[in-house]
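Before any comments, here is the structure.
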Amino acid sequence: MAARRRQGWQRHRHDGLPEAPDRAGDGGIGDGGIGSGGLELAWDDGTERDWGRLLAAAGPAPLEQSWGYGAAIAAGSPYRPARGVFRQAGRPVAVVQALVWSIAGAVRLVKVLRGPLFLDPAPDPALRQAAFRLIRDRWPLARGNALFWTPELPDGADADALMRGLGMRRTVTGYTTAWLDLAPGPPALRAGLDQKWRNQLVRAEKQRLRIREAHGGPALGWLAGRHDAHRRRRRFGGPTGAFAAALALHAARPQDVLVLQAERGSDPVAGVLFLRHGDAATYHLAWTGPEGRAAHAHNRLVWEGILRLAAAGVRWLDLGGLDASMPGVSRFKLGLGTEPVTLTGTWF
């Protein structure tokens, strides 16, 4: 069955995106559906490579919709990823990854985190509505499904109307993040930095800091350990070091994991982790010790990460959550010259 499903996405159009499969696969969760306007949704018919190609076409795609994220969740929890592709006239127009926990084959807990994603940055409202309806109809409450959905929609009246029109209600207020567009290039990005942020970067560049690059291994283990110790001491949430290691393990390529350390002498004084997914990347976690803070090493590492990601072809950088309980961290991220975006929240 798995071999037959993989064959379904082997044909590709001239633009590199997969054509419609020869048949609709059950993907372990049942066949897809057909919505208004001839929109079709097929589940689990493709390969990791095909998913990565579609994710890249979706532009600023969040980590939570990457293949590696679904695999990392499956490795450490009862949830299993279900990946769907929406097509019109055989052409892919959107993707969605859901996380499904089937309990005794009768009840399913379903999470959709920051999806679906559309290949057109400004999709037709009717297309968006049809895609959302197909997701909602796939997991109806009346059939033992509990769907918790955090769509990648900015907070506002339009998102409220769309989700309420599906018969859903908001259970958690919106998550706030910020996206940095790397396309303008280093000179323009540097000019766009907040003045204080740029001054700290200049001071850091004058320090005797050696920047080391790694793609996992001991460097990631060191950073994850420092990060977790800081989390326990300060009692804040956010990603754990163990989950960061799982994400690195399930990355499509080793170079999609970027660990940077700032060293003074032989000792690391700061570290950061970036994870690439499609044409986007996420600033996932970081740690800075007292000596690193004094040298503004964190500014240097984030800037070095931006330069290296852009040189590798990354277009978008998700700066991660902006938390009102940690205003200093939020100011640091927004100092890169971008604006916050608050999503519509989680709906049930």
Side-chain angles (χ1 to χ4, degrees), residues 29 43-44 46 48 51-86 94-101 109-119 121 131-132 135 138-139 146-155 159 163 170-180 237-252 256-257 273-285 314-323 333 340-348:
I29 63 169
W43 291 98
D44 294 330
E48 181 175 4
W51 188 262
R53 189 178 293 111
L54 289 167
L55 207 68
L63 174 66
E64 292 86 346
Q65 287 293 302
S66 69
W67 186 286
Y69 187 92
I73 288 289
S77 81
Y79 285 92
R80 297 294 177 263
R83 302 178 181 99
V85 178
F86 299 86
V95 296
V96 64
Q97 176 170 252
L99 303 171
V100 183
W101 178 5
L109 300 181
V110 184
K111 296 181 180 180
V112 178
L113 304 175
R114 303 186 67 180
L117 305 176
F118 292 83
L119 276 58
F132 274 62
I135 295 173
R138 178 62 192 84
W139 289 291
L147 172 60
F148 296 90
W149 190 351
T150 307
E152 188 74 351
L153 292 175
D155 194 21
M163 300 306 291
R170 185 170 16 231
T171 59
V172 180
T173 56
Y175 167 86
T176 301
T177 188
W179 285 95
L180 183 65
T240 65
F243 188 57
L247 288 169
L249 180 65
H250 292 282
D256 289 344
V257 180
L273 169 65
F274 299 93
L275 297 168
R276 180 172 182 170
H277 35 94
D279 281 353
T282 295
Y283 169 47
H284 191 65
L285 54 80
V314 172
R315 167 68 190 273
W316 303 96
L317 178 59
D318 187 345
L319 297 177
L322 303 177
D323 192 335
K333 294 178 179 181
V341 177
T342 299
L343 301 181
T344 185
T346 300
W347 295 74
F348 173 77

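- By the neighbour-count criterion of 12 heavy atoms within 6.0 Å, atom CH2 of W179 is densely surrounded, having more than that number from other residues, nucleotides or ligands.
- Partners of P154 under the side-chain contact (heavy atoms from CB on, under 4.5 Å) rule, at least two apart in sequence or in another chain, do not exist in this structure.
- Looking at residues two or more places apart in sequence or on another chain, you find a ring pair (Phe, Tyr, Trp, His ring centres under 6.0 Å) between W149 and F132.
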- Just do the side-chain contact (heavy atoms from CB on, under 4.5 Å) check on W101 and V110 with the steps written out, would you? CA-CA 6 Å; W101 178 5; V110 184; over 6 Å; no

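- For S66 against H277, the heavy-atom pair with the smallest separation is CB-CB, 3.7 Å.
- When side chains are defined from C-beta on, P151 does not count as touching V112, because their heavy atoms never get closer than 4.5 Å.
- Here the closest heavy-atom approach between residue V100 and residue A82 is recorded as CG2-CB, 4.2 Å.
- Nearest approach of L285 to T240, heavy atoms of both residues: CD2-O, 4.3 Å.
- Contact detail for F348 and T171: the closest heavy-atom pair is CB-CG2, 3.7 Å.
- Distance CG/L273 to OH/Y283: 10.0 Å, rounded to 0.5 Å.
- Using a 4.5 Å cut-off on side-chain heavy atoms (C-beta onward), L99 and L113 make contact.
- Annotation: side chain of L117 is not in contact with side chain of V96 (no heavy-atom distance under 4.5 Å).
- For the pair H284/L63, a side-chain contact is recorded, criterion being any heavy-atom separation below 4.5 Å from C-beta on.
- For Y175, there are no ring pair (Phe, Tyr, Trp, His ring centres under 6.0 Å) partners, not counting sequence neighbours.
- In this structure, V341 and T176 have side chains that are not in contact, with every pair of non-hydrogen atoms separated by 4.5 Å or more.
- Nearest heavy atoms, L322 versus A178: CD1-CB, 4.3 Å.
- Shown here are the side-chain contact (heavy atoms from CB on, under 4.5 Å) partners of A245, two or more places apart in sequence or in another chain: there are none.
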- Item | Worked check of side-chain contact (heavy atoms from CB on, under 4.5 Å) between V95 and W51 | CA-CA 9 Å; V95 296; W51 188 262; 3.7 Å; yes

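- Rounded to the nearest 0.5 angstrom, L343 CG and L153 CG are separated by 8.0 Å.
- From F118, atom CZ reaches atom CZ of F86 across 6.5 Å, with rounding to the nearest 0.5 Å.
- Across all non-hydrogen atoms, the minimal contact from W347 to T344 is NE1-OG1, 3.3 Å.
- When atom types are taken as modelled, the side chain of K333 and the backbone of G321 share a donor-acceptor pair closer than 3.5 angstrom.
- R83 pairs with exactly one of E48, Q97, Q65 by the side chain to side chain donor-acceptor pair (under 3.5 Å) rule, that one being Q97.
- By the 4.5 Å heavy-atom criterion applied to side chains, F243 and I73 are counted as neighbours.
- Taking CG from L275 and OH from Y69, the interatomic distance works out to 11.5 Å, rounded to the nearest 0.5 Å.
- Not counting sequence neighbours, the partners of R170 by the salt bridge (Lys or Arg N to Asp or Glu O under 4.0 Å) test are D155, D160.
- A donor-acceptor pair under 3.5 Å is absent between the side-chain atoms of S77 and the main chain of A74, judged by distance alone.
- W67 is not listed as a side-chain neighbour of L55, based on a closest heavy-atom distance of 4.5 Å or more.
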- Would T346 and T150 satisfy side-chain hydrogen bond (donor to acceptor under 3.5 Å, both in side chains), going step by step from the backbone distance to the final call? CA-CA 4 Å; T346 300; T150 307; 2.7 Å; yes

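- For R114, the salt bridge (Lys or Arg N to Asp or Glu O under 4.0 Å) partners are E64, E152, D318, not counting sequence neighbours.
- In this structure, W43 has its ring center closer than 6.0 angstrom to the ring center of W139.
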